[in-house]
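Here's the structure we're looking at; comments come further down.
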Amino acid sequence: MTKTLTGGAAIVDAISAHGVDTVFALPGVQTYPLMDALKTTEATIRVIGPRHEQTAAYMAMGYARATGRPGVFSVVPGPGVLNAGAALCTAVAVNAPVLLLTGQVPSAFLGRGRGHLHEIPDQRATLASFIKWAERIPNATSARRLVDEAFHRMTSGRPGPVALEMCWDTMAQPAPVPESEAAWPAQDTPPDPSAIAQVAALLKGATCPMIMLGSGAQHARSEVIALAERLDAPVTAFRGGRGIVPADHPLCVSSVEAFELWRDTDVLIGIGSRCEMQAMRWRGMMDASDRLTAPRKLIRIEIDPEEMLRLKPDAGLICDAATGSAAISEALAGDDFAITGNRARIAAARDRAAEQVSRIQPQVSYLEVIRKALPRDGILVKDMCQAGYTSYFAWPVYEPRTYITSGYQGNLGFAYPTALGAKVGCPKTPVVAILGDGGFMFAASELSTAAQHGIGVIAIVFNNQAYGNVARDQETNFAGRTIASDLPGVDYVKLADANGVSAHRVASPAELGPVLERAIAEDVPTLIEVQVDLDEETTPWPLILRADVPYSP
């Protein structure tokens, strides 16, 4: 059975079938038919228009990270797509399912290089070079099939961003469209029994295993906890895996506590994780063949087979994190297997780490105030700032998908627009973004977006009048010489007020507490400027960079 739709309407019909309820969009002439079709579906699909294409993509990513559901955005081709590129790179880094819907030059001009509006050479190939998949929809009839494929590709295996483009003219042309397509098959392949046996043999010889979690395990809480308790193993994470095991679980350890336990660790189990912390930040980790230095062994559970080549394990399972964790637990279910004594080691590590962490001031004190005000399921989005870096190890995370970072991309300025998307996806959940003044200005125009759409994100802007990390690095490494790292004294309260956003200014953790509690209760767009002195902020990097090799934040 078919119906006649334009290309734009066919796309909207297809994403509706996948349960899409929000599209973040900045319209332009090449996407008018798509936007007009979205206008007719306002009752079921909310359209939020930001002030910059990069924000549209970041909002879709924040939506995806907070909800676990695909985030969808639309921008114009060429410069619009390239503006969104930073967020798409970040979606790759954090394994976020994000769908870009964009236009193209008229079909008669494809590949001719005539300089049509917004044309760039081979946009599809450009996108495919750094995201998971990109394709062109040739006509309305093909829209449903390709949208279905896009959803399959971005959510199967390692999740990631995908893109669909459609030419300006064909997006407006009507054609017969099938009402449904065949469902894509599920792809959760069970792990190889011989690999399970190899993993079990390594663990049966272990005395002090450690589990390292990444964002690939966000959905596997119960299976991971069961495995950790079976092994009596400390569980840690650096960024994406935090909150899978609650911070107050007796086996959950921060990265600082995990480093204190690393000396005695004999087997590391990476679950949905690149194991960046151990492989790239800790001393004496890897040998020349990309393996853990003896006598430590590495076990990996990864859904992406290529990961086993990038960081070679001694044993590994190529499967979903939940499936693999459960398979190992089952293989170790015999009465002859028991590991004990690690709880005492963990308690001692906590004591040693607590003293180190307490010295990172005033950041730790501010984070403690924010954590006290935010409920267990409250979402924190951290930017690249001193409080943000400190949160890697000093922010307790209790629930999956409540600690959102930019992963290895380390995008300055990503946090505020990403937090807006997270709040749209979780409207009843408090969402706080912590930023420096430098990073906040990357997307300060989105204060207007928050006010227009009533998106109640609380932006806490730590104002030290500098790109703080850059300024400190320059002073430390270049005989005190700094360049292009100082920032003017912007009045952020006035800036927020000019955009219709509630604003406050504080200068201490004690002042922040009641202001933040009131902002959470009011649930309206809010900015809180925190005045800090860069010279008085203790660098957190000695507790993050534990390696003797150069590595950027």
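Everything quoted here is computed from the prediction, not taken from an experiment.
- With 3.5 Å as the limit, one finds no donor-acceptor pair spanning the side chains of Asp383 and Tyr389.
- Between the side chains of Arg51 and Gln452, at least one donor-acceptor pair of N or O atoms lies under 3.5 Å.
- For the 3.5 Å distance criterion, the side chains of Thr55 and Tyr416 fail to qualify, holding no donor opposite an acceptor.
- Ion pairing between a basic and an acidic side chain is recognised when a charged N comes within 4.0 Å of a carboxylate O; Lys423 and Asp523 show such pairing.
- Between the CZ atom in Arg153 and the CD1 atom in Ile131 there is a gap of 11.5 Å [rounded to 0.5 Å].
- In this structure, Arg46 does not pair ionically with Glu42, as no charged nitrogen and carboxylate oxygen lie closer than 4.0 Å.
- By the 4.5 Å heavy-atom criterion applied to side chains, Val147 and Ile15 are counted as neighbours.
- Side-chain contact check for Pro159 versus Met154: every heavy-atom pair is 4.5 Å or farther apart.
- A side-chain donor-acceptor contact under 3.5 Å links Asn463 and Glu529.
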Exercise. Please report the C-alpha distance between Ser16 and Asp13 in whole Å, then the side-chain angles of each, then the deciding distance to 0.1 Å, and finally whether the side chain to side chain donor-acceptor pair (under 3.5 Å) criterion is met.
Key: CA-CA 5 Å; Ser16 296; Asp13 187 62; 5.9 Å; no
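- By the 4.5 Å heavy-atom criterion applied to side chains, Met384 and Asn469 are not counted as neighbours.
- Residues Thr402 and Leu380 form no side-chain contact, since every pair of their non-hydrogen atoms from C-beta on lies 4.5 Å or further apart.
- Under the 30°/60° scheme for interplanar angles, the aromatic rings of Phe238 and Tyr392 are found to be tilted.
- Partners of Glu119 by salt bridge (charged side-chain N to carboxylate O under 4.0 Å, His left out), not counting sequence neighbours: none found.
- For the pair Arg136 and Leu164, the minimum side-chain heavy-atom distance is 4.5 Å or more.
- Between Phe151 and Glu149 the shortest side-chain heavy-atom distance does not fall below 4.5 Å.
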Per-pair distances, 0.1 Å, donor-acceptor, side chain in residues 99-114, under 3.5 Å, sequence neighbours excluded:
residue, atom, partner, partner atom, Å
Thr102, OG1, Val75, O, 2.9
Gln104, NE2, Glu165, OE1, 3.4
Ser107, OG, Asp169, OD1, 3.4
Ser107, OG, Asp169, OD2, 2.6

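- At a cut-off of 3.5 Å, with distance as the only test, a side-chain donor of Asn411 or Tyr58 sits close to an acceptor on the other residue.
- Taking the six-membered ring for Trp, Phe462 and Tyr366 have ring centres closer than 6.0 Å.
- Here the side chain of Arg300 pairs a donor or acceptor atom with the backbone of Ser273 at under 3.5 angstrom.
- A 4.5 Å side-chain heavy-atom check between Cys167 and Ile137 finds every atom pair outside the cut-off.
- A side-chain N or O of His118 and one of Gln30 form a donor-acceptor pair less than 3.5 Å apart.
- Between the side chains of Asn139 and Gln173, not a single donor N or O lies within less than 3.5 Å of an accepting N or O.
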